[in-house]
Amino acid sequence: LDQSDLISVNLSGQSLGKPSFLDDVAGLLKSHPGIASKLCFEITETAAIGDLQQAESFIQRIGHYGCRFALDDFGSGLSSFQYLKILPVDYIKIDGIFIRDLVNSHEDRAMVSAIHQVAHVLGKKTIAEYVENGDITRALKDLGVDFAQGFHFSKPVPLEHYYDLAGPIKASL
């Protein structure tokens with residue numbers, strides 16, 4: 001953890017919906033106070049809107065310890081921008097369905113631009129998922145998207161091998 005700026009943890013809808021999970025996470029953060037600032041919990045849009053009250057409660061209580069939050073797969077569900085105003089997340093992860101053909105699709109480019117602009121107005125950073133090549137990376141940079149993740153930067157590796165690479169992978173645009 002000392003070598004990492006941020007570790008993202010994907011939460012399932014099942015975990016988020018279990019009241020004991022919230023207590024377990026809070027207990028771990030209390031007993032290990034130095035890790036909270038290094039954690040970003042990713043909650044999928046679908047899980048968040050499935051139980052909006054539970055998601056908001058989790059974010060508020062765990063956010064008290066200094067953790068950050070990302071609304072994952074934004075745009076893949078049937079929700080609207082309304083949830084960006086309700087959920088106090090730090091990052092909006094733009095679903096890969098809009099990223100994969102970004103270079104060739106004016107519609108996808110417009111959607112990514114709109115999501116990014118609204119996120120910034122609300123004080124949130126954007127992360128593009130499924131970035132697979134340099135052309136997509138350049139298009140995202142042109143749009144002002146803050147961060148990117150995908151095979152263009154690295155294939156997934158176990159955490160214990162992450163620092164064996166040629167240094168930590170930075171995907172800031």
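Just so it is clear, the structure is predicted and the values come from calculations on it, not from any experiment.
Judged by distance alone, with hydrogens and angles left aside, the side-chain atoms of Thr137 form a donor-acceptor pair with the main-chain N or O of Asn133 at under 3.5 Å. Judged purely by atom type and a 3.5 angstrom limit, Ser113 has no side-chain atom pairing as donor or acceptor with the backbone of Arg109. Distance alone, capped at 3.5 Å, places no donor-acceptor pair between the His116 side chain and the Val112 backbone.
Here the side chains of Ile7 and Cys40 are not in contact, with every heavy-atom distance at 4.5 Å or above. Proximity of His64 to Gln60: side-chain heavy atoms (C-beta onward) are nowhere separated by under 4.5 Å. Between Lys38 and Asp5, every side-chain heavy-atom pair lies at or beyond the 4.5 Å cut-off. Side-chain contact between Val131 and Phe153: present, with at least one pair of heavy atoms (C-beta onward) separated by less than 4.5 Å.
Partner of Phe69 under the side chain to side chain contact (heavy atoms under 4.5 Å, CB included) criterion, chosen from Leu87, Ile62, Leu39: Ile62.
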Derivation of the side chain to side chain contact (heavy atoms under 4.5 Å, CB included) call for Asp146 and His120
CA-CA 10 Å; Asp146 300 296; His120 269 220; 2.7 Å; yes

Report the C-alpha separation of Ser105 and Glu107 in whole Å, then their side-chain angles, then the decisive distance to 0.1 Å, and conclude whether the side-chain hydrogen bond (donor to acceptor under 3.5 Å, both in side chains) test is met.
CA-CA 5 Å; Ser105 169; Glu107 293 87 359; 3.2 Å; yes

Test side chain to side chain contact (heavy atoms under 4.5 Å, CB included) on Leu6 and Arg68; report intermediate values, then the result.
CA-CA 9 Å; Leu6 192 65; Arg68 288 176 268 179; 3.2 Å; yes

Show your reasoning for whether side chain to side chain contact (heavy atoms under 4.5 Å, CB included) applies to Arg138 and Asp135.
CA-CA 5 Å; Arg138 283 185 288 283; Asp135 291 339; 2.5 Å; yes

Under the side chain to side chain contact (heavy atoms under 4.5 Å, CB included) rule, what do Asp108 and Ile99 come out as? Steps first, then yes or no, please.
CA-CA 7 Å; Asp108 287 344; Ile99 304 302; over 6 Å; no

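Arg61 pairs by the side chain to side chain contact (heavy atoms under 4.5 Å, CB included) definition with Leu22, Asp23, Ala26, not counting sequence neighbours. With sequence neighbours excluded, the residues forming a side chain to side chain contact (heavy atoms under 4.5 Å, CB included) with Phe21 are Leu11, Ser15, Lys18, Val25, Phe58, listed by chain and number.
A distance of 8.5 Å separates CG in Leu140 from OG1 in Thr126, rounded to the nearest 0.5 Å. A distance of 14.5 Å separates OH of Tyr65 from OG of Ser37, quoted to the nearest 0.5 Å. Distance CD/Gln149 to CD1/Ile94: 11.0 Å, rounded to 0.5 Å. Rounded to the nearest 0.5 Å, atoms CD1 (Ile35) and CG (Leu29) are 5.5 Å apart.
A salt bridge (charged side-chain N to carboxylate O under 4.0 Å, His left out) check over residues 82-93, counting only residues at least two apart or in different chains, returns the pairs Glu42-Lys93, Asp72-Lys93, Lys93-Glu129.
In terms of hydrophobic clustering, with Ile, Leu, Val, Met, Phe, Trp and Tyr side chains grouped at heavy-atom distances under 4.5 Å, Val145 and Leu122 are assigned to a common cluster. Clustering ILVMFWY residues whenever any of their side-chain heavy atoms sit less than 4.5 angstrom apart, transitively, puts Leu102 in a cluster other than the one holding Tyr130. Linking ILVMFWY residues whenever their side-chain heavy atoms come closer than 4.5 Å, directly or via other members, leaves Phe151 and Phe98 in distinct clusters.
Residues Lys124 and Val89 approach most closely at NZ-O, 3.1 Å, considering heavy atoms. Minimum interatomic distance between Ala55 and Leu16 (heavy atoms only, all atoms of both residues): CB-CD2, 3.9 Å. Between Gly134 and His152 the shortest heavy-atom distance is N-CE1, 3.3 Å.
Side-chain contact, Gln53 with Ser57: no donor N or O sits under 3.5 Å from an acceptor N or O.
The number of heavy-atom neighbours closer than 6.0 Å to NZ of Lys125, taken from other residues, nucleotides and ligands shown, is 12 or below.
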